[in-house]
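Worksheet: one structure, shown below.
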Amino acid sequence: MTSRVPKGDALYERALRTIPWGTQTGSKRPAAELRGIAPPYIVRGKGCRIWDLDENEYIDYKMACGPIILGHAYDRVNAAAMAQMASGVVHSAAHPVEVELAEELTRTVPCAEMVRFLKSGAEVTSAAVRIARAHTGREKVISSGYHGWHDWSLPGTKGVPAALHELTVSVPWEAGKLEEALERHRGQVACFILSLPYDRTEEEIRDFLKAARALTTREGVLLVYDEIVTGFRLAMGGAQERFGVVPDLAAFSKAMANGFPIGAVTGRRDVMAAWEGVSISSTFGGEAFSMAAALATVAELREKRVHDHLWKVGTRLMNGINAMGSDLGLGIRAEGLAPVFSVRFEGKDAEAGRRLSVAFQRELLTRGVMPYLVWYITYSHSEQDTERTLQVIREAMEEIKRETKNA
Ligand SMILES: Cc1ncc(COP(=O)(O)O)c(C=O)c1O
């Protein structure tokens with residue numbers, strides 16, 4: 001089969017000689033089964049559209065793995081960042097924009113009485129954990145979900161010292177299992193840090209968060225939300241606003257500046273006060289153009305009531321996918337929360353489910369839709385884009401149905 005992305009493939013081969021993995025982000029490595037179909041490089045984006053190195057166009061639902069919430073190259077945000085850049089990027093003392101942004105976040109995020117800025121999701125979740133340890137004087141962490149690549153969060157993986165393994169205890173999204181872990185490690189746990197799963201209903205999530213809040217309070221353990229994905233996406237104030245359950249600390253990154261690199265740790269004043277005795281400092285922590293971009297992003301999200309749009313578009317897509325999946329008798333189902341939902345593939349066994357997922361991705365990509373593990377909706381996905389996407393999904397599912405019949 002001839003590649004539909006020959007220039008991209010050739011550059012990726014070249015990259016593999018100088019860049020381990022060939023790229024900086026695990027989720028941007030082209031899957032072996034999609035070589036010649038999935039573009040290894042995107043060179044341009046505007047709104048919800050992106051173009052690869054071979055000039056193929058896509059409606060994007062991967063959205064750079066989550067940072068884009070308004071749309072690619074969004075004019076208001078880019079203008080704010082560029083205006084800031086004209087007077088310097090990072091300075092010899094703090095820039096006033098960081099005070100403005102910190103105050104904005106205290107108005108926007110329910111748990112935020114104080115705020116510190118860093119650059120990435122892994123950095124802010126790691127900082128939150130260190131602050132929790134400093135505040136409580138305890139070392140163990142109970143964790144649910146992915147929180148980035150730093151040592152504390154990946155016990156048992158290659159390159160992470162064995163001495164750290166027993167300090168992080170992983171639990172699934174189950175109140176009973178959390179309670180068991182809290183009891184087993186009583187008196188040793190600094191915090192329970194969680195990120196939301198992609199396959200639960202709102203009710204299931206609310207119930208678990210309520211249980212986690214009650215259990216951690218009972219055990220004197222801090223509750224930390226990893227809002228890297230959910231922050232600014234489910235609501236202005238993230239999952240804690242949407243579900244009305246407030247943590248002690250929370251970490252934000254991805255969408256808060258519509259693609260500019262920034263992260264924030266927010267939390268209760270008495271807990272954040274532990275920062276005084278802790279060494280968490282960063283040369284680029286106060287970099288100003290991402291902060292200007294964050295201020296513009298937050299203003300636009302609020303003024304345009306962007307979350308209403310994200311829930312509406314996401315719900316339309318989820319309902320459409322589920323109706324077509326059941327119409328055609330394919331094991332393809334959208335689930336989770338509309339602004340960032342996931343698509344599940346089920347066959348007669350795990351391998352059949354995996355093959356269905358690859359076929360779905362192949363058929364969408366060749367028709368100009370970029371899917372992902374989770375579908376990120378933005379303010380730039382219009383009704384017309386949504387309808388076009390559903391039409392592509394129908395054609396893709398019909399093709400898969402034909403193939404399975406003929407196999
Ligand atoms: C829930 C969650 N937490 C933390 C991270 C780490 O963020 P970053 O890749 O910016 O370090 C990610 C990244 O995908 C994430 O999904």
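When a ligand or atom number is given, it counts from 1 through the structure's own listing order.
- When heavy-atom distances to ligand 1 are checked against a 4.0 Å cut-off, K254 comes that close only through its side chain, counted from C-beta outward.
- Counting heavy atoms under 4.0 Å from ligand 1, residue A122 touches it through both backbone and side chain.
- Ligand 1 has no N or O atom lying under 3.5 Å from any N or O atom of V229, backbone or side chain.
- For H147, no nitrogen or oxygen atom sits less than 3.5 Å from a nitrogen or oxygen atom of ligand 1, counting backbone and side chain alike.
- Summary of contacts: the protein heavy atom closest to atom 7 (O) of ligand 1 is G121 CA, 3.3 Å.
- The nearest heavy-atom contact from the protein to atom 3 (N) of ligand 1 is D226 OD2, 2.6 Å.
- Between F232 and F252, the ring planes are perpendicular. Angles over 60° get that label, and only those under 30° would be called parallel.
- R35 and S3 share no side-chain donor-acceptor pair at under 3.5 Å.
- With W311 as the aromatic partner, R242 meets the cation-pi criteria of under 6.0 angstrom to the ring centre and within 45 degrees of the ring axis.
- In this structure a side-chain-to-backbone donor-acceptor pair under 3.5 Å is present from E113 to R269.
- A salt bridge links R302 with E104: at least one charged nitrogen is closer than 4.0 Å to a carboxylate oxygen.
- Side chains of M236 and H307 form a contact here, defined as non-hydrogen atoms less than 4.5 Å apart.
- Under 4.0 Å from ligand 1, heavy atoms of Y146 appear from its side chain as well as its backbone.
- For atom 9 (O) of ligand 1, the protein comes within 4.0 Å by no heavy atom at all.
- The backbone N or O of S290 lies less than 3.5 Å from a partner atom in the side chain of E287, making a donor-acceptor pair.
- Taking all heavy atoms of S195, P67, G148 into account, the minimum distance to atom 6 (C) of ligand 1 is reached by G148.
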